[in-house]
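This report concerns only the one structure given below.
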Amino acid sequence: MSLKERLSADSLLDSLPVSRDLLTRLGLIGAQVSRKIAIDQVSVDSGTLNNLKVEKVNLGSASIGSLKVENGSASVNNAKAVLNQVRSIVELGFRLNWEIDLGWIGSWDGSEDMGSLDIPVDLGTITVPDLGDINLQIPTIDIPGLVADMRPIDQLDLGSLELAGVRLDKLSLPGAGLTISGMGVGDLALSSVTVPSAAGEALRVNRAAPVQSLRLPGASLENVAIPSISMPAATSGSFNADATASDKSLGIDVGILKVSVAVTPTVHLNVGSMTLSDASLAADLGKVSINDISLPVSLEGITGGELALDAISVSKLTF
């Protein structure tokens with residue numbers, strides 16, 4: 001026998017210590033393991049998924065583009081105020097004004113700054129028993145770039161979910177290959193397969209999360225009324241206040257010479273803290289707008305039962 005005949009496929013198969021039939025079966029099985037089903041398109045006309053529940057809906061930090069309040073008003077009623085660690089400086093500013101009149105010879109006038117005199121006063125604690133009603137008009141408040149921490153939603157029950165027009169394109173099933181036991185199949189192509197219906201007992205998805213954050217265009221509330229709210233106590237930090245009174249002057253007129261001294265009193269007030277107590281707060285907001293909301297969302301523990309699909313159509317099945 002020539003060398004070429006010895007190296008032929010039939011001679012090599014006959015030389016192995018196993019039967020030709022076994023080797024043929026092993027070859028078919030190996031080819032079947034690597035098979036995949038390629039589906040060009042799957043469409044479902046309608047379906048229902050009952051008892052759809054989500055164990056937890058995780059809401060991340062919401063980014064709010066802006067919060068705008070228009071045409072607002074507020075009032076503070078029946079408040080008692082206590083001013084703590086009140087210190088005052090009374091500043092007296094002096095200015096000399098003069099005028100000389102020599103008739104046909106001429107006249108002259110001028111003003112000279114004579115400096116100021118500071119008088120410190122420690123007032124301690126000042127109590128205002130009744131502030132009366134304080135009314136505030138708020139035309140517009142615009143607060144940009146807010147961030148809000150959203151609490152998760154637990155045990156969300158969505159009831160039944162209706163499906164319509166479901167379509168899946170370019171499927172490859174299964175991902176690791178298809179195994180057919182006891183049967184060798186070569187290339188097989190089907191133009192279409194139609195299944196009248198399908199049913200399943202239960203569905204569970206451990207976690208699902210969209211790649212992009214959920215974007216909401218915004219929301220607005222009209223004519224928001226906040227009823228009277230009791231405010232037991234509210235304390236502010238330190239602050240300063242200045243007040244200037246009108247000038248007071250003392251003058252001398254001797255005919256050709258007029259001299260006057262003007263005094264301008266200014267009060268510089270420093271308050272360590274202010275406490276409002278026993279007050280009630282009420283507000284009316286004409287319009288509240290929340291714009292450009294971006295919110296990351298993820299779902300955990302998605303379960304459903306009694307899945308029913310009708311009129312399933314599979315196009316171009318190849319394996």
Side-chain angles (χ1 to χ4, degrees), residues 54 56-88 125-158 208-244 266-300:
V54 181
K56 179 177 288 188
V57 180
N58 294 317
L59 304 176
S61 296
S63 174
I64 301 173
S66 64
L67 172 64
K68 189 173 185 178
V69 180
E70 301 178 34
N71 301 324
S73 63
S75 63
V76 180
N77 306 319
N78 304 321
K80 180 176 71 175
V82 177
L83 306 179
N84 304 304
Q85 301 174 357
V86 181
R87 295 180 295 274
S88 175
T125 300
I126 300 177
T127 301
V128 182
D130 189 1
L131 285 178
D133 296 341
I134 302 175
N135 296 317
L136 304 173
Q137 297 297 322
I138 309 171
T140 302
I141 300 176
D142 196 352
I143 306 174
L146 294 177
V147 176
D149 290 333
M150 310 296 291
R151 296 180 59 185
I153 302 173
D154 295 330
Q155 303 301 328
L156 179 62
D157 191 349
L158 299 178
V211 176
Q212 301 294 332
S213 296
L214 179 65
R215 300 195 65 86
L216 304 177
S220 63
L221 301 176
E222 303 282 347
N223 299 322
V224 180
I226 302 175
S228 180
I229 301 173
S230 177
M231 186 170 59
T235 302
S236 73
S238 62
F239 61 91
N240 298 317
D242 297 331
T244 302
T266 302
V267 178
H268 305 281
L269 190 66
N270 177 263
V271 180
S273 64
M274 181 179 68
T275 301
L276 289 177
S277 59
D278 301 329
S280 59
L281 174 66
D284 291 315
L285 307 178
K287 183 178 180 180
V288 180
S289 301
I290 303 174
N291 304 312
D292 299 330
I293 304 171
S294 177
L295 181 64
V297 179
S298 65
L299 309 177
E300 297 181 6

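- Between the OG atom in Ser289 and the CD atom in Glu222 there is a gap of 7.5 Å [rounded to 0.5 Å].
- Taken from CZ in Arg215 to OG in Ser63, the straight-line distance is 7.5 Å, to the nearest 0.5 Å.
- Across all non-hydrogen atoms, the minimal contact from Lys68 to Thr140 is CE-CG2, 3.8 Å.
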### Message
Let's go through Val82 and Ile126 carefully: what are the C-alpha distance in whole Å and the side-chain angles of both, what is the deciding distance for side chain to side chain contact (heavy atoms under 4.5 Å, CB included) to 0.1 Å, and is it a yes or a no?
### Response
CA-CA 6 Å; Val82 177; Ile126 300 177; over 6 Å; no

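- Rounded to the nearest 0.5 Å, atoms CG (Leu59) and OG (Ser213) are 11.5 Å apart.
- Two residues are said to be in side-chain contact when any heavy atoms from C-beta on lie closer than 4.5 Å; Val86 and Thr125 fail this criterion.
- One distance of note links CG of Asn135 with OG of Ser75; it measures 5.5 Å at 0.5 Å rounding.
- Between Ser273 and Ser236 the shortest heavy-atom distance is CB-O, 3.3 Å.
- Heavy atoms only, all atoms of each residue included: Asp242 and Leu269 are closest at OD1-N, 4.1 Å.
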Enumerate donor-acceptor pairs with a distance under 3.5 Å from any side-chain N or O in residues 274-287 to protein atoms, sequence neighbours excluded.
{"from": "Thr275", "atom 1": "OG1", "to": "Thr235", "atom 2": "OG1", "distance (Å)": "3.4"}

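- When side chains are defined from C-beta on, Asp292 does not count as touching Ser66, because their heavy atoms never get closer than 4.5 Å.
- For Gly60 against Leu295, the heavy-atom pair with the smallest separation is O-CD1, 3.5 Å.
- Atoms CD1 and CD1, on Ile64 and Ile293 in that order, are 5.5 Å from each other to the nearest 0.5 Å.
- One distance of note links OG of Ser238 with CD of Gln85; it measures 9.0 Å at 0.5 Å rounding.
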### Task
Test side chain to side chain contact (heavy atoms under 4.5 Å, CB included) on Ser88 and Val267 and set out the steps.
CA-CA 7 Å; Ser88 175; Val267 178; 3.5 Å; yes

